[in-house]
Number of protein chains: 2
Amino acid sequence: MKFLSEKNPDIHRTYEIINEGISKRAFVVLMACCKVLYQGRAKSRLGSGDRFIIIKPDGSFMVHQDRNLEPVNWQPPKSNCKASLENGILQITGSRRNPPESLEVEIHCTYMASYFIGEDSKELEIAGYEENMREMVFESPELIEEGFRPTSREYQTENGFIDILGKDKNGALMVLELKSRRAGVNAVKQLKKYLDCFTDHKEFVRGVLVAPSVTDDAMELLKEYQLEFKELHPPMELGGGKNLTLDFFSSS
Amino acid sequence: MKFLSEKNPDIHRTYEIINEGISKRAFVVLMACCKVLYQGRAKSRLGSGDRFIIIKPDGSFMVHQDRNLEPVNWQPPKSNCKASLENGILQITGSRRNPPESLEVEIHCTYMASYFIGEDSKELEIAGYEENMREMVFESPELIEEGFRPTSREYQTENGFIDILGKDKNGALMVLELKSRRAGVNAVKQLKKYLDCFTDHKEFVRGVLVAPSVTDDAMELLKEYQLEFKELHPPMELGGGKNLTLDFFSSS
DNA sequence: CTTTCAATCTCGGGC
DNA sequence: GCCCGAGGTTGAAAG
């Protein structure tokens with residue numbers, strides 16, 4: 001890991017460090033007093049204050065305040081980040097063509113300027129998504145109910161894609177809408193829309209909302225529409241089959 | 001701005017810096033080789049690599065890789081962040097009760113450890129759909145009231161930018177605050193702040209909140225401050241992003 | 001390239 | 001506190 005970090009660099013030195021970091025495709029990090037202007041999909045302005053600025057090697061560009069998880073302003077990966085120093089004014093500009101937009105950060109004073117060239121080849125392994133739930137239901141249909149047989153996933157209707165289509169033990173058609181987290185009224189409305197595609201169907205079609213839980217409003221709406229709810233939690237198992245919790249911190 | 005930054009601190013020193021930073025409610029920043037485990041709404045694992053770690057005073061906790069805008073793992077504001085050093089293993093844990101979840105970062109080696117205590121009182125001012133409303137009012141001032149003449153938009157005061165400044169048919173100054181959605185008490189307070197910039201003005205200054213509707217609380221506050229409300233709906237959106245793109249090209 | 005949709009979405013506002 | 005809707009959503013996958 002190569003890196004450089006300086007405290008209280010002046011404007012010119014800050015300019016040098018930023019350029020060096022960007023040209024070396026490093027992780028550039030500043031703590032500085034700045035003001036920010038964004039123009040593009042919308043338009044925003046942020047007055048002067050102390051903030052944290054990050055430029056990643058992939059072109060991601062962020063300005064973080066001391067609050068909130070999200071950056072107050074940003075540019076996505078692949079944006080073109082450049083520093084400029086004109087008439088004694090230091091500015092970092094991140095821009096892109098499609099959509100046309102730019103983020104301008106004017107730096108008044110730098111407390112710390114750094115860049116890092118690190119190594120990180122690991123990718124995140126994650127579980128607990130709706131897709132994991134879909135797989136689980138296909139592999140173990142009895143989790144929905146005894147005798148359930150899924151026939152197709154992502155079944156296309158004129159009102160969108162049905163998560164899972166199947167039949168119950170009596171041969172009645174079942175439409176499943178899956179949610180990986182607590183489901184609200186929107187999920188019920190979505191399910192209802194799918195069922196509306198089967199109004200000309202001869203027999204009764206069952207609609208089932210499958211989620212770890214539902215809001216009270218959603219449960220009421222389910223009853224009103226004569227739909228069902230099946231409690232099911234998304235699987236939380238990571239690949240490899242190892243016992244993650246026990247092995248994780250003792251394995252290195 | 002107070003801050004501290006050290007290069008290549010050992011595990012014990014890193015532990016001290018993190019604790020000091022958190023206890024002082026500072027912006028804590030690390031560049032370190034680490035591995036990460038998350039368990040809660042979902043579950044994830046990230047093997048060892050060089051990453052950037054941020055703990056904000058509000059409890060926001062992030063782990064950034066050298067790619068992507070979003071952190072690879074995180075905990076939202078108000079999470080409880082603590083460092084622990086046991087059996088020579090340094091770990092930062094961010095957790096919360098509702099929903100129950102935790103993020104554990106095990107640090108193997110630190111390249112840089114810092115904390116910053118900055119000042120930043122400014123809030124982001126953003127103009128999206130409000131922008132269209134402003135244009136509409138400028139083109140058809142009679143929508144506000146008969147005889148209204150807008151004089152300037154984005155008028156700068158020490159308390160921020162006034163959406164529209166103008167005069168009524170009697171020549172009295174009018175400060176307009178636009179909201180594209182139902183306005184709450186915050187909008188009223190904002191308007192009041194702008195009016196406070198005119199306390200030394202000889203004549204009475206009218207403050208008008210322009211929005212499709214207001215909450216009851218906001219309406220009460222308006223009366224208390226002797227401010228006015230004008231119902232106005234934002235222009236029908238014809239695919240906001242595309243409009244913006246077209247404007248961008250035709251104006252340059 | 002565009003379109004679509006889930007997300008540990010986040011964030012703010014109302015209730 | 002829960003719930004709902006918006007977002008410069010982001011990001012990934014599929015067409």
Side-chain angles (χ1 to χ4, degrees), chain A residues 36-45 58 60-63 67-79 94 96 98-103 123-124 126-134 154 156 160-161 163 177-187 189-190 212-219 234 236, chain B residues 36-44 58 60-63 67-79 94-103 123-124 126-129 131 179-187 213-218 237 240-241 244-245 248:
Chain A
V36 187
L37 181 67
Y38 163 77
Q39 287 189 78
R41 286 169 287 178
K43 186 173 178 180
S44 79
R45 182 171 42 203
D58 69 352
S60 305
F61 182 23
M62 289 171 249
V63 180
R67 46 196 181 270
N68 291 344
L69 195 59
E70 300 202 330
V72 65
N73 279 112
W74 70 94
Q75 277 292 91
K78 295 176 188 165
S79 70
R96 59 177 185 155
N98 196 347
E101 56 181 358
S102 74
L103 179 62
E123 295 291 335
L124 187 72
I126 190 161
Y129 284 4
E130 194 180 298
E131 189 177 333
N132 305 122
M133 266 177 103
R134 269 199 294 270
E154 312 256 320
Q156 187 166 13
F161 287 83
D163 285 334
E177 170 64 24
L178 306 193
K179 290 290 164 195
S180 65
R181 49 197 164 124
R182 189 173 179 82
V185 286
N186 279 1
K189 288 177 185 169
Q190 201 175 339
S213 67
V214 284
T215 65
D216 294 346
D217 289 359
M219 186 59 93
M236 298 259 196
Chain B
V36 187
L37 179 67
Y38 162 77
Q39 287 190 81
R41 287 168 288 177
K43 184 173 181 175
S44 78
D58 68 352
S60 305
F61 180 22
M62 287 172 250
V63 179
R67 46 197 180 270
N68 292 341
L69 194 58
E70 300 200 332
V72 64
N73 280 113
W74 70 92
Q75 277 296 285
K78 294 175 188 165
S79 70
S95 60
R96 57 178 189 153
R97 290 286 183 78
N98 196 346
E101 55 181 358
S102 74
L103 179 63
E123 297 290 334
L124 186 71
I126 192 159
Y129 298 108
E131 183 76 26
K179 288 291 164 196
S180 62
R181 297 180 249 168
R182 185 176 177 82
V185 286
N186 281 359
S213 66
V214 284
T215 65
D216 294 346
D217 289 359
E237 44 180 313
L244 192 61
T245 310
F248 200 97

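By convention in this document, chain letters (A, B, ...) are assigned in the order of the sequence lines, proteins followed by strands, and residues within each chain are numbered from 1. Values reported hereafter were calculated over all heavy atoms of this structure, with side chains retained and with hydrogens, waters and symmetry mates removed.
- Contact check, A/Asn68 against C/dG12: a side-chain N or O comes under 4.0 Å of OP1 or OP2.
- A sub-4.0 Å separation between OP1 or OP2 of D/dT9 and a side-chain N or O of A/Trp74 is absent.
- When distances are taken from the side chain of B/Arg181 to each of D/dG11, D/dA6, D/dG5, the shortest belongs to D/dA6.
- The residue A/Pro71 sits apart from the nucleic acid: no heavy atom pair falls under 4.0 Å.
- For the OP1/OP2 pair of D/dC4 and a distance below 4.0 Å, the side-chain nitrogens and oxygens of A/Asn186 include no atom meeting the criterion.
- If you measure from atom CG of A/Leu69 to atom C1' of C/dC11, you get 10 Å, rounded to the nearest angstrom.
- Only the C1' atoms considered, D/dT9 is 13 Å distant from D/dG5, to the nearest whole Å.
- A donor and an acceptor atom never sit less than 3.5 Å apart when one is taken from the side chain of B/Glu70 and the other from the base of D/dG11.
- Contacts of A/Ser180 with the nucleic acid, taken as non-hydrogen atoms under 4.0 Å apart, involve only primed sugar atoms and P, OP1 or OP2.
- Residue B/Asp217 is classed as having no contact, given no heavy-atom separation below 4.0 Å to the nucleic acid.
- The phosphate of D/dT10 has OP1 or OP2 within less than 4.0 Å of a side-chain N or O from A/Arg41.
- The side chain of A/Val185 lies closest to D/dC4 when the candidates are D/dG8, D/dC4, D/dC3.
- A/Glu177 places its CD atom 7 Å from the P atom of C/dA6, with the value rounded to the nearest Å.
- If you check D/dG8, D/dG1, D/dC3 against the side chain of A/Thr215, the one that comes closest is D/dC3.
- Between the CE atom of A/Met133 and the P atom of C/dA6 there is a distance of 12 Å, rounded to whole Å.
- The CZ-P distance, from A/Phe61 to D/dT10, rounds to 15 Å in whole Å.
- No engagement by B/Gly40 is indicated, since no non-hydrogen atom pair under 4.0 Å with the nucleic acid exists.
- If you check every strand for non-hydrogen atoms under 4.0 Å, B/Leu103 touches nothing.
- If you check every strand for non-hydrogen atoms under 4.0 Å, B/Glu101 touches a base.
- If B/Leu124 and B/Asn98 are placed on DNA chain D by their nearest nucleotide, the residue sitting closer to the 5' end is B/Asn98.
- Here the CE-CG distance, from A/Met133 to A/Asp163, works out to 9.0 Å after rounding to the nearest 0.5 Å.
- In this structure, the separation between CZ on A/Arg134 and OG on A/Ser180 is 10.0 Å, given to the nearest 0.5 Å.
- Here, D/dT10 and D/dA6 have their C1' atoms 14 Å apart, quoted to the whole Å.
- Comparing B/Ala183 and B/Ala42 along DNA chain C, the residue whose closest nucleotide (by nearest heavy atom) sits nearer the 5' end is B/Ala42.
- Pairing each heavy atom of B/Gly40 with each of B/Glu101, the nearest pair is CA-CB, 3.4 Å.
- A/Gln156 has its CD atom 11 Å from the C1' atom of C/dT4, to the nearest Å.
- Atom-to-atom, CD of A/Gln75 to P of D/dG11 comes out at 12 Å; the value is rounded to the nearest Å.
- A/Asn73 has its CG atom 15 Å from the C1' atom of C/dC11, to the nearest Å.
- The closest side-chain heavy-atom distance from B/Arg41 to A/Arg181 is not below 4.5 Å.
- For D/dC3, the OP1/OP2 oxygens have a side-chain nitrogen or oxygen of A/Arg182 closer than 4.0 Å.
- Among the heavy atoms of the strands, none lies under 4.0 Å from B/Pro76.
- The residue among A/Glu131 and A/Ser44 whose nearest nucleotide of DNA chain D lies closer to the 5′ end is A/Ser44.
- Spacing between atom CD1 of A/Ile126 and atom P of D/dA13 amounts to 13 Å, rounded to whole angstrom units.
- For CD of A/Glu131, the number of neighbouring non-hydrogen atoms (other residues, nucleotides, ligands) closer than 6.0 Å is 12 at most.
- Between the A/Asp58 side chain and the A/Ser60 main chain, a donor and an acceptor come within less than 3.5 Å of each other.
- Distance alone, capped at 3.5 Å, is enough to place a donor-acceptor pair between the A/Arg182 side chain and the A/Val214 backbone.
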